[in-house]
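Every chain is numbered from 1, with letters handed out A, B, ... down the list of sequences.
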There are 2 protein chains.
Amino acid sequence: MTIACTNCPLRKFDIFDEMTQDELDFMQTFKVGELVVEPGAPLLMEGSNSPQLYTVLSGLGLRYKLTPDGDRQVINFVFPGDFLGLQAGVMSEMGHSVEATTRMTLCVFDRTHFWQVYTEMPRRAYDLTWLAAVEEHFLGESMVALGRRDATASVAWALVRVAQRMEALNLVTGGAMAFPYRQQDLADALGLSLVHTNKTLARLRERQLATWSEGTLTVHDMIGLAEVGQVDIESPPVRPLM
Amino acid sequence: MTIACTNCPLRKFDIFDEMTQDELDFMQTFKVGELVVEPGAPLLMEGSNSPQLYTVLSGLGLRYKLTPDGDRQVINFVFPGDFLGLQAGVMSEMGHSVEATTRMTLCVFDRTHFWQVYTEMPRRAYDLTWLAAVEEHFLGESMVALGRRDATASVAWALVRVAQRMEALNLVTGGAMAFPYRQQDLADALGLSLVHTNKTLARLRERQLATWSEGTLTVHDMIGLAEVGQVDIESPPVRPLM
DNA sequence: CGAGTATTTGATGCAGTTCAACGCTCGTGG
DNA sequence: CCACGAGCGTTGAACTGCATCAAATACTCG
């Protein structure tokens with residue numbers, strides 16, 4: 001027995017748009033089921049044309065691209081509420097791969113009905129565009145981190161963004177949150193080497209800004225960290241939930 | 001007197017999706033007019049909420065973000081056929097600024113009718129999502145260039161992508177095309193310093209791969225250039241024209 | 001207990017930044 | 001008509017942030 005959209009555990013968070021009963025019912029007709037995957041499981045592959053689209057109900061993942069010579073660029077971290085597979089839905093090819101980092105629960109939609117959203121529920125179609133636009137917005141910010149910030153600022157930026165998103169999902173307790181990635185993942189996200197990422201994290205720790213060890217990230221001084229990372233302190237925008 | 005959508009000079013290029021007469025008529029009802037701007041003119045500002053959306057009819061521009069300390073990250077180059085302002089249309093804030101590099105002619109749409117696209121012409125709404133998704137796709141690729149490639153590969157990648165887009169617009173003659181940006185623009189797009197960009201371009205020139213001087217880019221050896229830049233040689237995907 | 005994975009730390013080298021200077025072109029004003 | 005300055009491209013030299021190499025520690029798990 002799967003969760004009805006009406007009872008979706010994510011709906012209670014302020015970060016997600018309200019939905020009318022009509023919209024909930026409509027989404028329900030799309031929902032094929034739920035999928036639970038183990039850490040490391042591939043969800044979507046770059047270049048593939050997945051028949052399924054997902055909304056993350058719980059757990060964390062990674063979006064990434066591999067280069068011909070084996071390097072990996074992490075595009076971003078995947079959080080609950082994220083919608084996966086939009087690129088495959090609209091173009092018919094993913095521009096990146098997605099894999100689970102922790103165990104994840106996913107709400108599964110059938111891609112063959114994708115077009116119906118546009119013909120039958122314009123409001124939801126608008127939301128899909130919105131999601132793509134937010135992603136574009138975020139990647140623009142990431143490009144600034146990669147292209148124009150030094151390692152310290154870059155790492156600080158990433159940690160702030162993560163903390164903000166976690167906060168919006170109520171996953172932060174007294175500055176601490178589960179962040180079960182490897183340092184290599186962060187390094188690959190910021191275009192840094194593992195070694196330098198490690199040393200940069202150590203410096204942020206010494207400066208009493210943030211500590212990340214054993215899968216737990218603790219932000220000791222959000223103001224200071226945001227300053228180092230040149231980030232505005234603001235909660236993430238309210239976003240649609242598919 | 002403005003150009004009717006039916007006679008839009010861009011439609012003849014294979015890179016753009018076919019449109020039905022219905023769609024053309026519909027777009028026509030949106031079109032407010034045409035705008036001609038001079039080089040350097042700002043078109044959209046980061047953080048602003050533009051009342052207008054544009055399709056580029058001719059000319060070239062730049063999307064970019066500025067950092068608090070005055071650095072600039074160029075997000076990408078703007079070509080004819082590009083749709084500007086989608087982020088402002090759907091969220092209500094641009095994530096980056098856009099300015100004209102050459103004189104540009106723009107087809108102007110009124111943002112207040114944006115929502116009508118979703119209620120009245122689902123096919124076009126779908127195209128909007130498509131545009132946002134392609135942009136996301138491209139930015140993912142850019143992140144690989146910034147994060148995981150050295151300067152030589154990065155520059156080669158950018159030149160190949162530019163050449164491919166120019167080719168699709170029939171703006172290439174015997175490997176040569178107008179490319180009226182400054183080296184600083186390319187440097188800001190790739191997260192490199194001006195000096196190093198200059199030296200990297202010089203090396204690509206010596207290697208007989210590509211020459212860019214006096215506003216003209218000439219690709220001497222596309223195969224070789226694509227190899228250095230680790231790019232697949234393929235024409236850009238067919239895209240919707242708004 | 002040994003193999004595999006992740007974090008940490010030190011040492012060395014280089015790709016790319018920064019600084020500085022020069023040449024060219026073009027527009028402007030005296 | 002020439003002088004001057006601004007913008008852009010080019011080149012050399014010195015410096016440095018980060019990558020790379022190497023190795024030790026700590027865990028987990030079969």
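For the pair B:K65 (side chain) and B:G95 (backbone), a donor-acceptor distance under 3.5 Å is present. Under a 3.5 Å cut-off, the side chain of B:E99 and the backbone N or O of B:G61 do not form any donor-acceptor pair. For the pair B:R203 (side chain) and B:T152 (backbone), a donor-acceptor distance under 3.5 Å is absent.
Residues of residues 187-205 of chain A that place a heavy atom closer than 4.0 Å to DNA chain D, in numerical order, are A:G191, A:L192, A:S193, A:V195, A:H196.
Following rounding to the nearest Å, B:R148 (CZ) and C:dA15 (P) show an atom-to-atom distance of 17 Å. A straight line from OH of A:Y181 to P of C:dT7 spans 14 Å, rounded to a whole angstrom. As rounded to whole Å, 12 Å separates atom P of D:dA19 from atom CG of A:L146. Here the C1' atom of nucleotide C:dC26 and the CZ atom of B:R182 are 16 Å apart, to the nearest Å. C:dA15 atom C1' lies 17 Å from atom CZ of B:R149, rounded to whole Å. With rounding to whole Å, A:L186 atom CG is found 14 Å from C:dT7 atom C1'. Atoms CD (B:Q183) and P (D:dG7) sit 17 Å apart, rounded to a whole Å.
Other residues, nucleotides and ligands contribute only 12 or fewer heavy atoms inside 6.0 Å of the CG atom of B:D14.
Neither OP1 nor OP2 of D:dG9 sits under 4.0 Å from any side-chain N or O of B:Q184.
Looking at B:M91 and A:P237, their side chains never come closer than 4.5 Å, going by heavy atoms from C-beta outward.
A salt bridge links A:D82 with A:R239: the distance from a Lys NZ or Arg NE/NH1/NH2 to an Asp or Glu carboxylate oxygen falls below 4.0 Å.
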